[in-house]
Amino acid sequence: MSATEPVTEPIIRMERVTKNFGTLQALREISLHVHPGEKVVIIGPSGSGKSTLLRSINRLERIDSGHIFVDGQDITDIRNDINKIRMEVGMVFQSFNLFPHKTALQNLTLAPMKLRKIPRAEAEANGLRLLRKVGIEDKASVYPSRLSGGQQQRVAIARALAMNPKIMLFDEPTSALDPEMIGEVLDVMVTLAREGMTMVVVTHEMGFAREVADRVVFMDQGEILEDRPPQVLFQQPSHPRTQKFLSQIL
Amino acid sequence: MKEKSVINITDGAAIPLKKDPGLFSAWRIAFFGSLSVLAYLLLSRPKPYVDILKFLPDGILVTFQVTFCSIFFALFLGLITGIGRISRNRLINAIASTYVEVVRGIPLLVQLFYIYYALGRFVRVPDIVAAVIAMSFCYGAYMGEVFRAGIESIDKGQMEAARSLGFNPSQSMFYVILPQAWRTILPPVGNEFIALLKDTSLVSILAVADLLRRGREFASETFTYFETYTLIALIYLLITLILSKLVSIMEERLRYYERH
Ligand SMILES: Nc1ncnc2c1ncn2[C@@H]1O[C@H](COP(=O)(O)OP(=O)(O)O)[C@@H](O)[C@H]1O
Ligand SMILES: [Mg+2]
């Protein structure tokens, strides 16, 4: 796929990105390209910088040096409107972060109505379509506190999709879920991947990585140690730290 | 979620809660007691008391005017201050924090005098306007702390979710954070409102014809100091008791709302 034949311009281009928290180097000279339609899964031990990398792509973390281009725009350049760029980049959090004072449907319609100026009727029709897509249309008028974790995360995915983004970022979307709810969320993500969405996913779900990833990136201590198609990385990890990590997790 | 912040900046009135029967019956004793005393005085000695009472409504009106205007501006100032206090912009943060420190460190009466005369050097404004400005300035700082605590009680993932959708900081505040924070903010705001109402009695010193000033005027003409101040104390007490009851009802409602 595009990993092996990059005919397009990358939609995400990270160039020698570093990020420090005080004396701690969370990202060390990270370079990563993601092409439109590609699915990249990031794995690695806890504290290796996966979340920091993902969050730097929509500037929830500001980087200290290097450049990140999203859809051709340098997000580190303060002259570019970060809010406009973020509208094109959906993000799904480990802890869902649904708006508790809004119903499921209102969670989906708020941003499109306020930011894209879409009329209510249209935003609601689109919201219902997305809720149907993630399998919880019947919960449209329910508040998040009445939803299970799996349902909340599906609403969160639908909320991000409601802005019609070009890229979706997922930060351990199933880590906070009870085991029996992981499947329903992964199913939604697999469907999304099949539809051609560009996705960067931090996850420990190796089955998901095998099934949908074009590339799996292994991170450790703020560095990318390997970046290969899943069958290669899982079968013949070249770096000893990758081997160690995989032997612990599989 | 952080643990629910208890915000008690100034001395409002003791808020009666159902789970606190001692205070609850204290409220009843105070309320019905002062009502009975008031009725007894008016009926048994109408001569000074009814005359005093007839003289006071204008003053009560002014007291409420100053209170409502001040709380309105104090809320506005408090919102800005509260946001400023949690701003990552060092300059904004420093300004907001300094404002709060300064206001907290100077007695309200001194602030009133100071703003009144400082203002008088530049512009000639009606006394009541000067009083409202001074009260708002002071209570804006207290309200700032209420807003800050309210905003900080909201999980920071909420701000991140809003920002990641493309909302700018003020849109995130307006559509996502404040609609959640108001439940934490409302009860202490009610408390501050009561404290402010009591503190407006200080503006009588600035020639504002509030409840206390009206009473003083009447007393100095008729030499009924004891009777007048008795009545004024009863009226303040009844007003704050009613308001504190309203705040406690509001708190119960919010609690109910949170559980369901
Ligand atoms: N806001 C922060 N302040 C200080 N240190 C942080 C902050 N966020 C992350 N870190 C540190 O940066 C490193 C990478 O964190 P993170 O990207 O969350 O790792 P991962 O998602 O792979 O577990 C960790 O050592 C973490 O403690
Ligand atoms: Mg993480």
Side-chain angles (χ1 to χ4, degrees), chain A residues 51 54-62 70 75 81-102 106-117 143-146 152-153 155-171 176, chain B residues 1-5 79 82-83 86-93 146-189 250-251 253-260:
Chain A
S51 296
L54 203 68
R55 291 158 55 83
S56 69
I57 295 173
N58 67 355
R59 218 172 79 183
L60 283 182
E61 296 297 348
R62 281 168 183 268
V70 174
I75 65 157
D81 182 357
I82 188 64
N83 299 313
K84 282 254 156 55
I85 298 168
R86 282 179 178 149
M87 287 162 69
E88 308 301 333
V89 183
M91 181 139 193
V92 176
F93 302 87
Q94 183 177 341
S95 51
F96 327 137
N97 297 346
L98 287 179
F99 304 138
H101 61 302
K102 303 273 180 198
Q106 287 167 345
N107 264 276
L108 269 62
T109 56
L110 183 70
M113 280 166 58
K114 302 295 181 196
L115 297 173
R116 296 221 194 263
K117 307 289 177 210
Y143 285 90
S145 59
R146 294 288 176 94
Q152 288 191 52
Q153 193 59 298
V155 174
I157 294 171
R159 174 177 68 178
L161 292 175
M163 285 299 277
N164 211 0
K166 292 178 178 160
I167 301 165
M168 286 284 283
L169 309 175
F170 296 81
D171 192 359
Chain B
M1 280 290 262
K2 289 182 186 175
E3 64 185 76
K4 196 169 164 191
S5 348
L79 175 60
I83 292 173
I86 50 180
S87 169
R88 266 177 302 178
N89 181 317
R90 292 231 179 122
L91 181 67
I92 294 174
N93 197 310
V146 171
F147 274 98
R148 182 182 61 79
I151 291 166
E152 282 182 340
S153 74
I154 304 302
D155 188 276
K156 98 182 194 319
Q158 291 292 307
M159 182 54 101
E160 292 194 339
R163 296 305 305 275
S164 76
L165 286 166
F167 286 111
N168 66 32
S170 44
Q171 289 169 325
S172 308
M173 199 42 87
F174 202 76
Y175 295 124
V176 175
I177 307 299
L178 290 178
Q180 298 180 55
W182 70 267
R183 282 186 209 174
T184 318
I185 290 172
L186 213 49
V189 163
M250 187 176 74
E251 282 199 322
R253 287 269 164 86
L254 288 177
R255 237 180 283 269
Y256 178 85
Y257 204 48
E258 261 162 28
R259 278 196 307 265
H260 295 263

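With chain B as the partner, the residue from A:Lys114, A:Arg55, A:Arg159 showing the most heavy-atom pairs under 4.5 Å is A:Lys114. Your options are A:Asp81, A:Leu110, A:Ile85, and the one with the most heavy-atom pairs under 4.5 Å with chain B is A:Leu110. Of all the listed residues (A:Val92, A:Ile82, A:Leu98), the one sharing the greatest number of non-hydrogen pairs under 4.5 Å with chain B is A:Leu98.
In this structure, chain B has a heavy atom under 4.5 Å from the side chain of A:Phe93, while its backbone stays farther away. Residue contact with chain B, scored on non-hydrogen atoms closer than 4.5 Å, involves the side chain of A:Met163 exclusively. Contacts between A:Arg59 and chain B at a heavy-atom distance below 4.5 Å are absent for every atom of the residue.
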Q.
Checking B:Tyr175 against A:Leu115 for the side chain to side chain contact (heavy atoms under 4.5 Å, CB included) test, could you report, in this order, the C-alpha distance in whole Å, the side-chain angles of both residues, the deciding distance, and whether it holds?
A. CA-CA 12 Å; B:Tyr175 295 124; A:Leu115 297 173; over 6 Å; no
Q.
Apply side chain to side chain contact (heavy atoms under 4.5 Å, CB included) to residues B:Arg163 and A:Asn83 and explain how you reach the verdict.
A. CA-CA 8 Å; B:Arg163 296 305 305 275; A:Asn83 299 313; 3.5 Å; yes
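In this structure, A:Asn97 CG and B:Met159 CE are separated by 12.5 Å, a value rounded to the nearest 0.5 Å. Distance check, rounded to the nearest 0.5 Å: CD of A:Glu61 to CD of B:Glu160 gives 7.5 Å. From B:Ile154, atom CD1 reaches atom NE2 of A:His101 across 9.0 Å, with rounding to the nearest 0.5 Å.
Between the A:Asn58 side chain and the B:Ser164 main chain, no donor and acceptor come within less than 3.5 Å of each other.
Counted within 6.0 Å of CZ on A:Arg116, heavy atoms from surrounding residues, nucleotides or ligands total more than 12; the atom is thus considered enclosed.
When every heavy atom of B:Ala161 is checked against every heavy atom of A:Phe99, the shortest pair comes out as CB-CE2, 4.0 Å.
Between B:Gln158 and A:Pro100 the shortest side-chain heavy-atom distance falls below 4.5 Å.
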